[in-house]
Amino acid sequence: MSNVKYIQLESQGEIAILRINRPEALNAMNIDVISELSQTIDKVGADESIKVIIITGAGEKSFCAGADISYMVDIDPITAEKYASSAQSVLNKIERIEKPVLGAINGYALGGGCELAMVCDIRIASSNAKLGQPEVTIGIPPGWGGTQRLMRLVGPAKAKELVFTGKMIPAEEAFQLGLVNNVISLTPDDNLPPEVAADDKEKQKERSNQIAKLLNNKLMNECIAMGKQIAKNSYNAVKVSKMLVNRGMDADLETGLRLEIYGWSLCFAHEDRKKMMSDFLNKSKK
Ligand code: CO8
């Protein structure tokens, strides 16, 4: 891949970590970020050694602060349509990729950032994360899937409340709503840096930075641990399960159940299914 600047790709065994790397703008997605995200997803999607993808933001402050407002301020409706279409097609690609995708929400996930989080299969947030759809505060409705996916996750009434007010909600509230799966917090067991004098602003800032780094590491460790737990299962069974949940969401129950029968039966074609079942039976005999 050439000239990749805004997406850092790191792999840890069977897990690929994609980091949006534009911290100077709180990882807001301009056209180049969107294009690089698309290329990187294609690359990771084609890599058979990768079983799980984690998407996160560089730094400790923001997952992604949404679409790039400095770009949007002067565009016309035709350009806006292109911008929204290209972003939606990348987000759709992430939602539909057969590999499971975890969102490590390490700070602000606003507007397009919340919409990016919502196409991840599982969202884990750090306790300092803040989520929201603030688009109406700058004169537009959500445009990268927010009106549609938020209501499917939290129900239409809460989705409307969040969209109409444009308010940011803390990770814990997002958890209560079902918008994130889990919230990672630090505890005294996490080797917190010692307290410093309240009037020593310099030391206070340094300590806050250290705490933010610890929290971010803990978030990533939790996501990687979950990624490993998923990766050790049958990849075929996991990817078919993902497809069944995604496709079943907007289908009637009968269609979803019929699809489930086909997806389930197809897994009997794979060697790993036979081996895993036999291993289980042999283990229970020991
Ligand atoms: N776009 C561009 N730059 C941004 C964005 C953004 N979304 N968010 C932050 N930045 C920049 C700031 O301008 C600032 O830059 P500089 O240092 O050069 O002044 C830098 O990041 C740091 O930001 P702040 O100084 O504002 O940091 P604070 O800690 O004070 O505040 C906030 C953090 C609360 C996150 C604040 O930055 C904020 O409110 N950002 C905007 C969030 C937002 O409204 N996001 C939604 C954008 S709209 C959207 O995503 C729509 C998607 C669909 C569109 C479809 C249309 C085609």
Side-chain angles (χ1 to χ4, degrees), residues 5-7 19-38 55-95 103-120 123 125-153 159-174 179-180 201 204-205 208-209 211-213 215-216:
K5 176 174 158 198
Y6 291 123
I7 304 292
R19 244 185 214 95
I20 304 174
N21 183 32
R22 202 186 165 216
E24 67 282 6
L26 302 183
N27 302 322
M29 289 192 284
N30 60 19
I31 287 182
D32 291 338
V33 175
I34 293 167
S35 151
E36 286 183 22
L37 183 58
S38 179
I55 299 181
T56 192
E60 284 80 39
K61 196 171 170 186
S62 183
F63 172 72
C64 170
D68 193 316
I69 302 171
S70 63
Y71 170 71
M72 286 189 296
V73 66
D74 285 326
I75 59 175
D76 60 27
I78 303 291
T79 314
E81 196 270 340
K82 284 202 182 105
Y83 188 41
S85 300
S86 75
Q88 278 205 14
S89 78
V90 180
L91 298 196
N92 291 344
K93 180 152 63 176
I94 296 171
E95 186 174 56
I105 318 297
N106 59 324
Y108 294 113
L110 301 173
C114 189
E115 290 162 318
L116 171 65
M118 287 192 285
V119 296
C120 298
R123 286 160 290 283
S126 53
S127 56
N128 63 350
K130 289 196 169 66
L131 295 91
Q133 297 288 161
E135 286 91 338
V136 295
T137 68
I138 54 166
I140 48 175
W144 293 354
T147 60
Q148 304 307 304
R149 293 193 176 95
L150 189 57
M151 71 166 169
R152 283 166 170 77
L153 280 168
K160 285 175 184 166
E161 180 185 327
L162 290 170
V163 170
F164 297 173
T165 61
K167 67 183 175 183
M168 286 189 246
I169 56 168
E172 196 53 48
E173 190 176 339
L179 182 52
V180 300
K201 297 287 170 232
Q204 284 283 356
K205 197 171 162 204
S208 303
N209 288 342
I211 290 179
K213 282 199 165 66
L215 182 57
N216 203 19

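Heads up: numbering here begins at 1 and tracks the sequence. Note that ligands are numbered from 1 as they come in the structure, with each ligand's atoms numbered from 1 the same way.
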K.L.:
Note the single closest protein heavy atom to atom 41 (C) of ligand 1, along with its residue, its atom name and the distance in Å.
P.N.:
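Checking every protein heavy atom, the shortest distance to atom 41 (C) of ligand 1 gives Ile69 CD1, 3.9 Å.
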K.L.:
Taking Asn216's backbone N and O only, do any of them form a donor-acceptor pair with Glu60's side chain (distance below 3.5 Å, no angle check)?
P.N.:
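Judged by distance alone, no pair lies under 3.5 Å.
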K.L.:
Does some non-hydrogen atom of Glu81 fall short of 4.0 Å from ligand 1?
P.N.:
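Distance cut 4.0 Å: Glu81 fails for ligand 1.
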K.L.:
Heavy-atom contacts with Gly66 under 4.0 Å: which atoms of ligand 1 show up? List them by number with element.
P.N.:
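Numbered from 1, ligand 1 contributes 50 (O).
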K.L.:
Between Arg22 and Asp68, does at least one N-O distance fall below 4.0 Å, as a salt bridge requires?
P.N.:
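Counted as a salt bridge, because a side-chain N and a carboxylate O are separated by less than 4.0 Å.
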K.L.:
Out of Cys64, Ala25, Ala80, Ala28, who gets a non-hydrogen atom closest to atom 21 (O) of ligand 1?
P.N.:
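Minimum heavy-atom distance to atom 21 (O) of ligand 1 goes to Ala25.
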K.L.:
Nearest to atom 23 (O) of ligand 1, what protein heavy atom do you find, and at what distance?
P.N.:
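Answer for atom 23 (O) of ligand 1: Leu26 CD1, 3.6 Å.
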K.L.:
Within the structure, is a non-hydrogen atom of Lys61 found at a distance of less than 4.0 Å from ligand 1?
P.N.:
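Flag set, Lys61 near ligand 1.
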K.L.:
May I ask you to list the atoms of ligand 1 that are less than 4.0 angstrom from any heavy atom of Glu115?
P.N.:
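Numbered from 1, ligand 1 contributes 52 (C).
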K.L.:
Numbering the atoms of ligand 1 from 1, which are under 4.0 Å from a heavy atom of Gly143?
P.N.:
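This gives 53 (C), 55 (C) as the contact atoms.
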K.L.:
Kindly indicate whether atom 30 (O) of ligand 1 is approached by any protein heavy atom to under 4.0 angstrom.
P.N.:
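Within 4.0 Å: no protein heavy atom nearby.
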K.L.:
If the cut-off is 4.0 Å to any non-hydrogen atom of Tyr83, which atoms of ligand 1 fall inside it?
P.N.:
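Answer for ligand 1: 57 (C).
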K.L.:
Which atoms of ligand 1 sit under 4.0 Å from any heavy atom of Gly112?
P.N.:
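What qualifies from ligand 1 is 49 (C), 50 (O), 52 (C).
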K.L.:
Atoms of ligand 1 less than 4.0 Å from Met72 heavy atoms?
P.N.:
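Per the distance check, 48 (S).
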K.L.:
Do Glu81 and Ser85 pair up side chain to side chain, a donor and an acceptor below 3.5 Å, judged on atom types alone?
P.N.:
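Yes, Ser85 and Glu81 have a side-chain donor paired with an acceptor closer than 3.5 Å.
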K.L.:
Note the single closest protein heavy atom to atom 39 (O) of ligand 1, along with its residue, its atom name and the distance in Å.
P.N.:
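Of the protein heavy atoms, Leu110 CD1, 4.7 Å lies nearest.
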K.L.:
Which part of Ala65 is near ligand 1, with near meaning a heavy atom under 4.0 Å away: side chain, backbone, both or neither?
P.N.:
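Ala65 to ligand 1: contacts from backbone and side chain alike.
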K.L.:
Closer than 4.0 Å to some heavy atom of Ala84 - which atoms of ligand 1 meet that?
P.N.:
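Those qualifying, in numeric order: 57 (C).
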K.L.:
For ligand 1, does Glu24 get within less than 4.0 Å through its side chain, its backbone, both, or neither, judged by non-hydrogen atoms?
P.N.:
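Near ligand 1, Glu24 shows its backbone, while the atoms from C-beta on stay back.
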K.L.:
Of the backbone atoms (N, CA, C, O) and the side-chain heavy atoms from C-beta on, which set of Ala67 has a member under 4.0 Å from an atom of ligand 1: side chain, backbone, both, or neither?
P.N.:
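Both parts.
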K.L.:
Is the closest heavy-atom distance from Met168 to ligand 1 below 4.0 Å?
P.N.:
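The answer is yes, since Met168 has a heavy atom less than 4.0 Å from ligand 1.
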K.L.:
So which bit of Trp144 gets within less than 4.0 Å of ligand 1, heavy atoms only: side chain, backbone, both or neither?
P.N.:
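It is both parts that get close, each with some atom under 4.0 Å.
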K.L.:
For ligand 1, note which part of Ile138 has a heavy atom under 4.0 Å away: side chain, backbone, both or neither.
P.N.:
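The answer is the side chain.
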K.L.:
Which ligand 1 atoms does Gly111 reach within 4.0 Å, using its non-hydrogen atoms?
P.N.:
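Every atom of ligand 1 under 4.0 Å from some heavy atom of Gly111: 46 (C), 50 (O).
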